[in-house]
Amino acid sequence: SLGKTPRGVNIEWSGIIDLAVEWQGGLFYDDLKTSSYPIDEKFFSKFKNSGQFIGYAWEVKELGIGNFNGVMVHGVEVKVPQEGVKLKKDGTPYARQGRQLDDMFGVDIINVSDIMIERWKKSTLRKIDQIIEAREQKSWTMNDGELCNSYNSDCPFKFLCTSPEELVETRVQEFYKVKEWNPLERV
């Protein structure tokens, strides 16, 4: 159990840990991430405070697997060959713009402390209360700004956020499928 929200709702939390790795005396969750952008410090920096990774750390500790040190992130740059790109005899493209194949792969260790885990846990429980309250009131706080364009594309709900209030419910019914996701119901 993750615990109780400030409103008193008991939360059961689950996830799937793909791979735990013992390395240099530590225990790490190993995660593979792909990107269409270079695998560099900027790529890895977005994972330094990842709720996903901190949640994995909490889960490993709860399961008693061991003293979890952090996440080992493997980055792989993936690009779709563009028209006019010269290909080698085996069909693979030559390295782009003087870059070598080794530049398209990288690994970094994201350390996760007990303090980060406790902060994540409290924050997650508060967020769950906010979600429950928003559902009860049928009113959600919009995340205007950068979240509207995550991953270089519009948020799927941007259309609703820019709709007049009186049309939102109609547009939800017309353009969106409302599904309840409950992974605990799976067999």
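Being a predicted model, the structure only gives us computed values, none of them experimental. Heavy-atom basis, side chains included; hydrogens, waters and symmetry copies ignored.
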**Request:** Could you label the plane-to-plane angle of the Trp23 and Phe28 rings as parallel, tilted or perpendicular, counting under 30° as parallel and over 60° as perpendicular?
**Result:** perpendicular
**Message:** Could you work out, with ring pair (Phe, Tyr, Trp, His ring centres under 6.0 Å) as the rule, every residue matching Phe105, not counting sequence neighbours?
**Reply:** none
**Asked** Has the side chain of Ser123 got a donor or acceptor atom that lies under 3.5 Å from a matching backbone atom of Arg119?
**Response** no
**Message:** To the closest 0.5 Å, what do you measure between OG1 (Thr162) and CG (Asp154)?
**Reply:** 9.0 Å
**Prompt:** Do you reckon Met72 sits in the same ILVMFWY cluster as Met104, going by side-chain contacts under 4.5 Å, direct or chained?
**Reply:** no
**Prompt:** Do Lys127 and Asp129 pass the salt bridge (Lys or Arg N to Asp or Glu O under 4.0 Å) test, and can you show the C-alpha distance, the side-chain angles, and the key distance before you say yes or no?
**Reply:** CA-CA 5 Å; Lys127 283 180 190 175; Asp129 267 349; over 6 Å; no
**Message:** Counting C-beta onward and ignoring hydrogens, is there a side-chain heavy-atom pair between Arg126 and Ile128 closer than 4.5 Å?
**Reply:** no
**Request:** State, with a plain yes or no, whether a side-chain heavy atom of Thr124 is found less than 4.5 Å away from one of Leu2.
**Result:** yes
**Message:** Taking Ile109 as the starting point, is it possible to reach Leu27 by hopping between hydrophobic residues whose side chains are less than 4.5 Å apart?
**Reply:** no
**Prompt:** Heavy-atom count around Asp40 CG within 6.0 Å, excluding the residue itself: above 12?
**Reply:** yes
**Message:** I'd like to check Lys4 versus Ile11 (side-chain heavy atoms, cut-off strictly below 4.5 Å). Are they in contact?
**Reply:** no
**Request:** Would you kindly confirm whether Trp13 and Ile132 end up in one hydrophobic cluster when ILVMFWY residues are joined by side chain heavy atoms under 4.5 Å apart?
**Result:** yes
**Prompt:** Got a sec, which residues hit side chain to side chain contact (heavy atoms under 4.5 Å, CB included) with Ser35, two or more places apart in sequence or on another chain?
**Reply:** Tyr37, Ile39, Phe43
Per-pair distances, 0.1 Å, donor-acceptor, side chain in residues 166-180, under 3.5 Å, sequence neighbours excluded:
| unit_1 | atom_1 | unit_2 | atom_2 | d |
| --- | --- | --- | --- | --- |
| Arg171 | NH1 | Ser163 | OG | 2.6 |
| Tyr176 | OH | Pro156 | O | 2.8 |

**Prompt:** Would Phe159 and Phe157 show up in the same hydrophobic cluster when neighbours are defined by side-chain heavy atoms closer than 4.5 Å?
**Reply:** yes
Return all side-chain donor-acceptor pairs below 3.5 angstrom for residues 54-64, not counting sequence neighbours, or 'none' if the list is empty.
| unit_1 | atom_1 | unit_2 | atom_2 | d |
| --- | --- | --- | --- | --- |
| Tyr56 | OH | Gln52 | NE2 | 3.2 |
| Lys61 | NZ | Asp114 | OD1 | 2.7 |

**Message:** For Glu41, I'd like to know if atom CD has over 12 heavy atoms of other residues, nucleotides or ligands within 6.0 Å.
**Reply:** yes
**Request:** Return yes when atom NZ of Lys48 has more than 12 non-hydrogen atoms of other residues, nucleotides or ligands closer than 6.0 Å, and no otherwise.
**Result:** yes
**Prompt:** Is the number of heavy atoms from other residues, nucleotides or ligands within 6.0 Å of CD (Glu136) greater than 12?
**Reply:** yes
**Message:** Restricting to ring pair (Phe, Tyr, Trp, His ring centres under 6.0 Å), what partner residues turn up for Phe44, sequence neighbours left out?
**Reply:** none
**Prompt:** Is there a side-chain contact between Val112 and Ile117, using heavy atoms and a 4.5 Å cut-off?
**Reply:** yes
**Message:** Just to verify, what does Leu32 make a side chain to side chain contact (heavy atoms under 4.5 Å, CB included) with, not counting sequence neighbours?
**Reply:** His74, Val76
**Request:** Of all the heavy-atom pairs spanning Glu12 and Ser1, show the shortest one and how long it is.
**Result:** OE2-CB, 3.6 Å
**Message:** I'd like to check Phe47 versus Asp108 (side-chain heavy atoms, cut-off strictly below 4.5 Å). Are they in contact?
**Reply:** no
**Request:** For a side-chain contact (heavy atoms from CB on, under 4.5 Å) with Tyr29, tell me which candidate from Ile110, Asn69, Val21, Val71 qualifies.
**Result:** Val71
**Distance in Å, Ser50 OG paired with Trp120 CH2, rounded so as to fall on 0.5 Å steps** = 10.5 Å
**Request:** Give the cluster check for Val107 versus Leu19: same hydrophobic cluster or not, with ILVMFWY residues linked at side-chain heavy-atom distances below 4.5 Å.
**Result:** yes
